[in-house]
Amino acid sequence: MIDKIRNEAQYNQVMALIERFISKATEGGGFSSLSATEAEELSHLSLLAEQYEDDVLKIMPLPVTITSVVQHKIKELNLTQAKLADMLGLGTSKLSQILNGKREPDVTFLKAVHNKLGISGDFLLENV
């Protein structure tokens, strides 16, 4: 077993192994279908991948507020706020105020981001 991921090629190999273990577990009815050795190796590889992601890739945790999720979607979809406002059926000033924290998200905004951006309704309700 390796003790540290040193480059992107090793990271990709580790991720491929992790995916194989996950596929095997999914096909076998869960992680309990893995042998003790496989489960131990999966755990070890997962920790190595996490350490590499934290130290080298600097993968940020998922945003946890409604506005940060919407901002992330704006970047992901390569939209401007004006295009997003139009897409959501909102005024640009209203969207700007919500995203800048000067106005609370209302039901119209929440429904629109759920329907148009695919943001989980459960997430929206938990974070209002």
Side-chain angles (χ1 to χ4, degrees):
M1 273 201 254
I2 62 174
D3 62 335
K4 183 175 183 176
I5 298 173
R6 300 191 192 308
N7 55 48
E8 189 173 349
Q10 283 183 335
Y11 173 75
N12 290 333
Q13 289 173 340
V14 166
M15 293 306 293
L17 289 170
I18 290 171
E19 288 176 20
R20 276 191 231 138
F21 283 127
I22 291 173
S23 291
K24 182 178 180 180
T26 303
E27 293 166 5
F31 287 101
S32 60
S33 66
L34 298 177
S35 71
T37 304
E38 291 171 327
E40 185 178 320
E41 187 174 355
L42 174 59
S43 177
H44 176 73
L45 293 172
S46 297
L47 290 173
L48 290 176
E50 182 180 5
Q51 184 178 23
Y52 183 80
E53 290 167 351
D54 289 345
D55 296 345
V56 178
L57 299 180
K58 308 271 190 241
I59 293 178
M60 302 299 291
L62 292 175
V64 293
T65 65
I66 293 171
T67 56
S68 62
V69 170
V70 172
Q71 292 284 10
H72 180 74
K73 283 287 194 180
I74 288 172
K75 289 178 187 169
E76 183 181 291
L77 298 172
N78 197 26
L79 296 171
T80 63
Q81 277 193 17
K83 286 182 183 175
L84 179 63
D86 186 51
M87 184 177 159
L88 299 177
L90 305 171
T92 54
S93 62
K94 178 180 179 177
L95 178 62
S96 179
Q97 289 171 350
I98 291 171
L99 294 179
N100 290 318
K102 295 178 181 175
R103 183 177 188 163
E104 289 294 317
D106 59 11
V107 173
T108 304
F109 171 81
L110 296 172
K111 284 176 71 173
V113 296
H114 171 68
N115 292 328
K116 300 292 183 177
L117 298 179
I119 296 173
S120 161
D122 290 337
F123 171 80
L124 294 171
L125 289 173
E126 291 169 5
N127 289 281
V128 173

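- How far CG of L124 is from CD1 of I66: 5.0 Å, rounded to the nearest 0.5 Å.
- Surrounding CG of N78 are at most 12 heavy atoms belonging to other residues, nucleotides or ligands under 6.0 Å away.
- The CD atom of E41 lies 10.0 Å from the CG atom of L48; values are rounded to the nearest 0.5 Å.
- Between E53 and Y11, the side chains place a donor N or O and an acceptor N or O closer than 3.5 Å (distance only, hydrogens not considered).
- In this structure, the separation between OG1 on T37 and CG on L42 is 12.5 Å, given to the nearest 0.5 Å.
- Considering every non-hydrogen atom in both K24 and S33, the closest pair reads O-OG, 4.0 Å.
- At distances below 3.5 Å, not a single donor-acceptor pair connects side-chain atoms of E38 with backbone N or O atoms of L34.
- Put simply, the side chain of V14 does not reach to within 4.5 Å of the side chain of Y52, judged on heavy atoms.
- Closest non-hydrogen pair, L79 versus K83, comes out as CD2-CB, 4.3 Å.
- T80 contributes atom OG1, which lies 11.0 Å from atom CE of M87 (distance to the nearest 0.5 angstrom).
- Residues I18 and S46 are in side-chain contact: their nearest non-hydrogen atoms beyond the backbone lie under 4.5 Å apart.
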Going through the checks in order, is the side-chain contact (heavy atoms from CB on, under 4.5 Å) test met by I74 and L99?
CA-CA 11 Å; I74 288 172; L99 294 179; 3.9 Å; yes
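- Contact of the L117 side chain with the L84 side chain is registered, since non-hydrogen atoms from C-beta on lie closer than 4.5 Å.
- Partners of K94 by salt bridge (charged side-chain N to carboxylate O under 4.0 Å, His left out), not counting sequence neighbours, listed by chain and number: D106.
- Across M15 and A49, no two heavy atoms sit closer than the pair SD-CB, 3.8 Å.
- Annotation: the span from D54 atom CG to Q51 atom CD amounts to 8.0 Å, rounded to 0.5 Å.
- Of all heavy-atom pairs between F123 and N127, the closest is O-ND2, 2.7 Å.
- Of the candidates R103, K102, E104, R103 is the only one forming a side-chain hydrogen bond (donor to acceptor under 3.5 Å, both in side chains) with Q97.
- In terms of heavy atoms, I5 sits closest to I2 at CG1-CD1, 4.2 Å.
- Inter-residue side-chain proximity for L47 and H44 is flagged as unmet; no heavy-atom pair is nearer than 4.5 Å.
- Although no hydrogens or angles enter the test, the distance criterion places no donor-acceptor pair under 3.5 Å between the side chain of S43 and the main chain of A39.
- What you find for L95 and L88 is that their closest heavy atoms are CD1-CD1, 4.4 Å.
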Check the pair Q81 / T92 against side-chain contact (heavy atoms from CB on, under 4.5 Å), numbers first and verdict last.
CA-CA 7 Å; Q81 277 193 17; T92 54; over 6 Å; no
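- Rounding to the nearest 0.5 angstrom, the gap separating the OG1 atom in T67 from the CG atom in N100 is 9.0 Å.
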